[in-house]
Amino acid sequence: MAQNDRYRDRMELSDEAAAAAVQPVADLRVRLEALRTEGEISIRAVEQALQEIGLPGAVVRGDEAAVEFGAGAPEGGCVFGEVRQDAVRVEAGGYIMDGGCLPAQ
């Protein structure tokens, strides 16, 4: 059964890629926290925040209660996370085993 979900596991992220993602992760966290506190959670708002910090072409899905996202990081790997009415999560990591930054739905 565990092997069946292996496609969701993340690959390792190189030190260089992790270092290059530090600033975009911090900048995105600030922008998404502002959206959350203003009650402006939407797919379009998250897409715009990603574009503004230089992470275009992201996969963004959800609704006004929660939006998850995944985008290519500057030097490889992904910037991914979620913004909800009660929390913001932004992380950097490798691609998932089946490719891309988020598992298919």
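Numbering starts at 1 and runs along the sequence shown.
With sequence neighbours excluded, the residues satisfying side chain to side chain donor-acceptor pair (under 3.5 Å) with Glu33 are Arg36. Annotation: side chain to side chain donor-acceptor pair (under 3.5 Å) contacts of Glu40 (sequence neighbours excluded): none. Evaluation of the side chain to side chain contact (heavy atoms under 4.5 Å, CB included) rule for Ala65 yields Asp63, Gln85 as partners, not counting sequence neighbours. For the side chain to side chain donor-acceptor pair (under 3.5 Å) test, no residue two or more places apart in sequence or in another chain qualifies with Glu75. Partners of Arg89 by side chain to side chain contact (heavy atoms under 4.5 Å, CB included), not counting sequence neighbours, listed by chain and number: Phe80, Glu82, Glu91. Not a single side chain to side chain donor-acceptor pair (under 3.5 Å) links Arg10 to another residue, sequence neighbours left out.
Residue pairs that meet the disulfide (SG to SG under 2.5 Å) test with at least one member in residues 17-48, sequence neighbours left out, do not exist here. Pairs engaging residues 46-75 under the disulfide (SG to SG under 2.5 Å) rule: none recorded [sequence neighbours left out]. Sorted by first then second residue, the side chain to side chain donor-acceptor pair (under 3.5 Å) pairs that include residues 45-59, not counting sequence neighbours, are Arg31-Glu52, Gln48-Glu52. Counting only residues at least two apart or on different chains, the disulfide (SG to SG under 2.5 Å) pairs with a member in residues 61-93 are Cys78-Cys101.
As a member of the Ile/Leu/Val/Met/Phe/Trp/Tyr network built from side-chain separations under 4.5 Å, Phe69 groups with Val25, Leu28, Leu32, Leu35, Ile41, Ile43, Val46, Leu50, Ile53, Leu55, Val60, Val67, Val79, Val83, Val88, Val90.
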Considering only distance and modelled atom types, tabulate donor-acceptor pairs under 3.5 Å from the side chains of residues 11-19, sequence neighbours left out.
| unit_1 | atom_1 | unit_2 | atom_2 | d |
| --- | --- | --- | --- | --- |
| Ser14 | OG | Ala17 | N | 3.1 |

